[in-house]
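Below: one structure, written as structure tokens.
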Amino acid sequence: MTIYCLGSINADHSYKVARLPSAGETLAAEELITGLGGKGANQSVAAARAGAQVVHLGAVGADGGWAVARLAQFGVHVSGVAEVDTPTGHAVITVAPDGENAIVIFPGANRRQDPARIAAVLGDAGPGDTLLIQNETSHQEEAARLGAARGLRVVYSAAPFDVAAVRAVLPHVSLLVLNAVEAAQLGAALGDVAVPETVVTEGKGGARWRTGDDELYQPAFPVRAVDTTGAGDCFIGSLAAALDAGAGRADALRFAAAAAALQVTRPGTADAMPGRAEIDAFLA
Ligand code: ATP
């Protein structure tokens, strides 16, 4: 089936620094790598590299042609990506030697999604297909509502955390994916709100799939991490691809953890996503 991803497309400027700067401090970076990023693009690339058919819904500025071309090179269908008169989104990422990062994002064109285009693209979708959404675009609620109405599996990565967005989108969601920080923010903001199936990722601590009172735990695979930027996106895109291919929850979690473990062993975000053969070999 098809995974539709309404998601951000960013130019990632990743600066290698000796340590993350503190408030008021100026640090010289040792290296700069520029590449394709944005939670949406990362998740689309992760899912496509993991073997899924992926249609990306997004927006870039006149300066974003290279990013769309890069998405297409990774095998993502890009006819749902519009060009708008706002600059392409970008991220300034600082990465410390232990792989920890701090990030500032300029959303730009990502906030300029067109509901008519979303409705037109999702008009081809139906039961068995998946909709992936995050909080770096506009119009997530419309997309989620439409996706749920059309019978899609709606997978929502509530990142960056935004209470208003989560409140609006949650009623239409089949699977909510959060990291540990976002899970705590969700608990604090919404209390014991009825959440559907939830996957909580805990970095090196692994991931938990919660369905009601049941919990499936998947440890992280021990690897030497050099850059954990995009690990969560890799995990989500690969998880969606595994579920789309018919995997059960435990197998999908294991596949996603393996993909993310491979992804953290190299620098970059979208460019670091592992392919299906590499993930299968890692698990063999
Ligand atoms: P990011 O914001 O850095 O993209 P995140 O905070 O959304 O990531 P994490 O919980 O850090 O997401 O990581 C997602 C998954 O990736 C984890 O559940 C784990 O399986 C894998 N992972 C992350 N960091 C590591 C690591 N250092 N070694 C092995 N696996 C890792």
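This structure is a prediction, so every number in the text was calculated from the model and none was measured. Ligands are counted one by one from 1 in listed order, and the atoms in each one are counted from 1 as well.
- Looking at T137 and N110, their side chains never bring a donor and an acceptor atom within 3.5 Å of each other.
- Taking any N or O of A220, backbone or side chain, none lies under 3.5 Å from an N or O belonging to ligand 1.
- For the residues T228, D227, V177, T265, the heavy atom positioned nearest atom 1 (P) of ligand 1 is part of T228.
- In this structure, a donor-acceptor pair under 3.5 Å is present between the side chains of D63 and T88.
- Of the polar atoms of G232, at least one N or O is found under 3.5 Å from an N or O of ligand 1, judged by distance alone.
- The residue V181 has no part lying near ligand 1, judged by heavy-atom distances below 4.0 Å.
- Closest to atom 18 (O) of ligand 1, if we only count protein heavy atoms, is G206 O, 3.0 Å.
- No side-chain N or O of S138 forms a donor-acceptor pair with one of Q113 less than 3.5 Å apart.
- Among K39, E100, R208, K204, the residue whose heavy atom lies nearest to atom 27 (N) of ligand 1 is K204.
- When only interatomic distances are considered, the shortest N/O to N/O separation between V264 and ligand 1 does not fall below 3.5 Å.
- With G203, S157, A261 as candidates, the residue nearest to atom 22 (N) of ligand 1 on a non-hydrogen basis is G203.
- Defined by atom type and a distance below 3.5 Å, a donor-acceptor pair is present between the side-chain atoms of N135 and Q140.
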key: Working for salt bridge (Lys or Arg N to Asp or Glu O under 4.0 Å), residues R167 and E141   = CA-CA 9 Å; R167 257 187 226 286; E141 182 187 355; over 6 Å; no
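- Contacts between Q218 and ligand 1 below 4.0 angstrom, taking non-hydrogen atoms only, are absent altogether.
- A donor atom on one side chain and an acceptor atom on the other are not found under 3.5 Å apart for R49 and S238.
- In terms of protein heavy-atom proximity, atom 28 (N) of ligand 1 is closest to V223 CG2, 3.6 Å.
- Below 3.5 Å of separation, one finds an N or O of N179 facing an N or O of ligand 1.
- Remark: the R153 side chain and the T130 side chain contain an N/O donor-acceptor pair separated by less than 3.5 Å.
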task = Begin with the C-alpha distance, continue with both residues' side-chain angles, and end with the deciding distance and a verdict on salt bridge (Lys or Arg N to Asp or Glu O under 4.0 Å) for R210 and E197.
result = CA-CA 6 Å; R210 297 189 179 129; E197 310 226 8; over 6 Å; no
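- In terms of polar-atom proximity, A260 is not counted as a contact of ligand 1, lacking any N or O under 3.5 Å from an N or O of the ligand.
- Side-chain atoms of N10 and S8 include no donor-acceptor pair closer than 3.5 Å.
- Of the candidates T201, N101, I103, the one placing a heavy atom closest to atom 12 (O) of ligand 1 is T201.
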